[in-house]
Every structure is written in C-alpha cells, then in structure tokens.
Asker: 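Dumping the structure here so I can ask a few things about it.
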Amino acid sequence: MKLPSLKEIGNEAKLLLIGIPVLIWTLVPIYHMFLFAISPKEDAFSGKLWPAHPTLNNFKIVFYQEHYFLRDFWIQFFNSVVIALSAGALTLMIATAAAFSISRLRVPGGRWVMNLALFTYFIPAAFLAVPMYRTMGNYGLLNNHWSLILAMVTIASPYAIWVLKQASDKLPVELDEAATMDGATTLQLFRLVYVPLMMPSLVAIGTYAILLAWNEYLYAFLLLSRDTEITLPVALGNFLAADDSPWELLMTTGFIYALPPAAIYYAFRRYMVGGLTAGAVKS
C-alpha cells in the first residue's frame, strides 16, 4: 500500500483546519435549538450544556397543539408543504421547457430570454415585495396560496432556467439528431432523451425551488394574513409578539420545521452539487 506523501498530508491537514471550525460553527446553533426543545420552561435559559431534567413534553405540546400560538400548527405545516411542492413543480416545468426550447430547439429570442433571466438577479427580491403585493391585490389573489406560489416561481425561475440551459448545452447534439432520424417527434425527444439525461440537474433545481419556497418569510408575511392560510415561518414570528415568549416551544417548532428540508437535502445530496454546478462551466 502506497503511503501518502507529505504534500497530501499537508493538504488534508489544511482541509481539517478549515472544515472542523466550520462544522462546529454550523452545529452549535442547531445544538442550542435542540437544547431548548428538550428543556422545561424554567431551565431554558440556565446556560447549561445539557438540561438537568430533559423532557419531550415540548414536542407533545406542539404535536397536540396545546398552546395558543400552536392552535393551527398542522394546518400551517400543511400550507408550507403544499406551497413548497407546488412552487417546486411549477418552477421545474417552466425552467425545463424553457431550457429545452432555448438550448435544443434554438427558438428565436432565446439569447434575450437568458439575458433577461440574468438581469432579474440585479434586483434584490426584497425590492419586489411591495410591487408583488400590489400585483396580487389587483388580481384578487391576496390571502390565496396561489399568490405565494406564483411569487416563488417568479423568483426561482430565472436562476433555474439559466442553470438548466447551461447544463443542456453540454449534452451532445448528436443524440438529438439520431433520435430525429429514427422518427422521434419533438415531444418524444424531450421525454425520452432530454429529461433522462438532465435528471441530476432537474433534481437539484427542483430541490432548490422547494427549499426556497419552504424557507420564505417576507413574501409569505405580505401575501397571506389569515391564521389558517399562513405558512409556518410566519406563524413562528407570532411567538415573538408575546411579552413572555415561550422560547422552548418556538425552538421545538423550529426544530420540527427544519427536519423536512434536512431530509430532502440528505436524500438528494448526491445530485445537489453535481446538478447545480453542471451548468456553471460550459465545456
């Protein structure tokens, strides 16, 4: 067995020196969130690294909605799921069709679409919140889940189109030509050739859009107001409105809310880096 060289050992040591502090910096807030979640109210601010009397009662209170701020917990959680999945699916459909049309079909004006997609990222999303609110109000969509879904699709689509188009450009054109010579229609070419080859990038972009909508607060706060229509991030903000905020319940709810995106990322982690960077450098 070949022993590692001093240069390789040095490189590994440098990675560890950088990686370990970053890992600790990332895990410490998560640990404190979990610490609050398993602490009784009287021990939440004790400053100890582990509570003297750890309990799962906070999770019971959240699951059974036994607090005023949690009376619509499962409805709000379901709202978040529906909005995130809908925004992810619509973004994926729009971006995939646009990238296929621009990259493979060479439709006229494709370059303008790409330039405009990139131009939108010069404008911070927060600056568009008030115009988006007025637009949704003009169409009667306020307090409707579609308002937030469409807003998230608007924000996510330009980046999704750009990434998928660049990844699509790397696919061999000969595959399209061979399929066309075999009698494949445009839809068959899209369904049987393009989509399977683009699957890693599609999974990465779909995950990106879902997580973007899942974590959105500003647009959800502006566009939705009824307790039975808001998403869970907005509902979590209600905890801070009280004079004596139940921090242990807030952290427990936040910890539960963080589990689905963590599970999604873990399930598709092998697609994320490769899919999102597939179009970063054009060969």
Side-chain angles (χ1 to χ4, degrees), residues 23-88 129 142-149 151-152 207-269:
L23 178 64
I24 294 174
W25 182 264
T26 304
L27 292 181
V28 164
I30 299 175
Y31 173 73
H32 279 284
M33 181 186 294
F34 178 71
L35 199 63
F36 268 88
I38 62 172
S39 299
K41 184 178 180 64
E42 60 274 11
D43 294 340
F45 291 95
S46 63
K48 298 179 181 178
L49 292 178
W50 189 256
H53 305 286
T55 177
L56 295 178
N57 186 56
N58 295 327
F59 288 92
K60 174 180 174 291
I61 294 174
V62 174
F63 285 146
Y64 288 98
Q65 306 177 129
E66 296 175 354
H67 191 275
Y68 173 76
F69 290 133
L70 296 167
R71 65 188 186 278
D72 297 313
F73 170 77
W74 288 115
I75 294 176
Q76 293 157 354
F77 188 91
F78 180 73
N79 293 341
S80 296
V81 172
V82 170
I83 290 171
L85 292 180
S86 300
L142 292 180
N143 274 319
N144 188 308
H145 289 170
W146 277 108
S147 62
L148 184 56
I149 292 170
M152 291 296 95
T207 304
Y208 156 77
I210 289 173
L211 296 183
L212 181 70
W214 181 264
N215 295 317
E216 179 58 34
Y217 175 83
L218 176 60
Y219 282 84
F221 177 78
L222 287 175
L223 300 175
L224 305 173
S225 59
R226 287 198 295 266
D227 287 343
T228 54
E229 299 293 337
I230 62 175
T231 57
L232 203 51
V234 178
L236 291 176
N238 294 334
F239 281 84
L240 304 178
D243 294 331
D244 184 21
S245 300
W247 288 97
E248 72 286 355
L249 298 181
L250 172 61
M251 294 301 171
T252 303
T253 309
F255 185 80
I256 295 171
Y257 190 67
L259 292 179
I264 290 173
Y265 180 81
Y266 182 81
F268 299 114
R269 66 190 185 283

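Everything quoted here is computed from the prediction, not taken from an experiment. One is the number of the first residue; the rest follow in order along the sequence.
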Asker: Using 0.5 Å steps for rounding, measure from the CD1 atom of I83 to the CZ atom of F78.
Answerer: 10.0 Å
Asker: For N143 and S225, which I'm curious about, is there any donor-acceptor pair between the side chains at under 3.5 Å?
Answerer: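 Side chains of N143 and S225: pair found under 3.5 Å.
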Asker: T231 and S80: which non-hydrogen atoms are nearest, and at how many Å?
Answerer: CB-OG, 3.3 Å
Asker: In Å and rounded to the nearest 0.5 Å, what is the CD1 to CD distance from I75 to Q65?
Answerer: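 Taking CD1 in I75 and CD in Q65, the distance rounds to 7.0 Å.
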Asker: Are any non-hydrogen side-chain atoms of T55 and I38 less than 4.5 angstrom apart?
Answerer: no
Asker: Classify the ring geometry of F77 against W214: parallel below 30°, tilted from 30° to 60°, perpendicular beyond 60°.
Answerer: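 If you compare the ring of F77 with that of W214, the planes turn out perpendicular.
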Asker: Using every non-hydrogen atom in the two residues, find where V234 and Y217 come nearest and quote the distance to one decimal.
Answerer: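 Scanning both residues, the minimum pair turns out to be CA-CE1, 3.7 Å.
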Asker: Check L35 against P51 and note the closest heavy-atom contact, atom names and distance.
Answerer: CD1-CD, 3.4 Å
Asker: Which distance, rounded to the nearest 0.5 Å, do you find between the CG of L56 and the OG1 of T252?
Answerer: 9.5 Å
Asker: Do you know which two heavy atoms are closest between L224 and S147, and how far apart they sit?
Answerer: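 Residues L224 and S147, closest heavy atoms: CD2-OG, 4.0 Å.
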Asker: Supply the atom-to-atom distance F69 CZ to L250 CG, rounded to the nearest 0.5 angstrom.
Answerer: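 CG of L250 is found 10.0 Å from CZ of F69.
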Asker: Please report the shortest heavy-atom distance between L249 and H67, naming the atom on each side.
Answerer: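 Closest approach of L249 to H67: CD1-CD2, 3.5 Å.
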Asker: CG of L232 to CZ of F73: how many Å apart, nearest 0.5 Å?
Answerer: 5.5 Å
Asker: Would you indicate whether Y31, at its atom OH, is surrounded by more than 12 heavy atoms from other residues, nucleotides or ligands within a distance under 6.0 Å?
Answerer: yes
Asker: More than 12 heavy atoms of other residues, nucleotides or ligands under 6.0 Å from CG of L49: is that the case?
Answerer: no
Asker: Starting at CD of E248, measure out to OG1 of T253 and round the result to the nearest 0.5 Å.
Answerer: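 Going from CD on E248 over to OG1 on T253, the span is 9.5 Å.
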Asker: Side-chain contact, heavy-atom cut-off 4.5 Å: N57 with P40?
Answerer: no
Asker: Kindly indicate, with the supporting measurements, whether the criterion side chain to side chain contact (heavy atoms under 4.5 Å, CB included) is fulfilled by E66 and L70.
Answerer: CA-CA 7 Å; E66 296 175 354; L70 296 167; over 6 Å; no
Asker: When you measure from the side chain of N79 to the backbone of I230, do you find a donor-acceptor pair of N or O atoms at a distance under 3.5 Å?
Answerer: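 Present.
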Asker: Evaluate F59 against F255 for side chain to side chain contact (heavy atoms under 4.5 Å, CB included), listing each step before the verdict.
Answerer: CA-CA 10 Å; F59 288 92; F255 185 80; 4.1 Å; yes
Asker: Evaluate whether atom CZ of F221 has more than 12 neighbouring non-hydrogen atoms of other residues, nucleotides or ligands under 6.0 angstrom away.
Answerer: no
Asker: Of all the heavy-atom pairs spanning M251 and M33, show the shortest one and how long it is.
Answerer: O-CG, 3.5 Å
Asker: Would you please test W74 and F63 for side chain to side chain contact (heavy atoms under 4.5 Å, CB included) and show each step?
Answerer: CA-CA 8 Å; W74 288 115; F63 285 146; 3.5 Å; yes
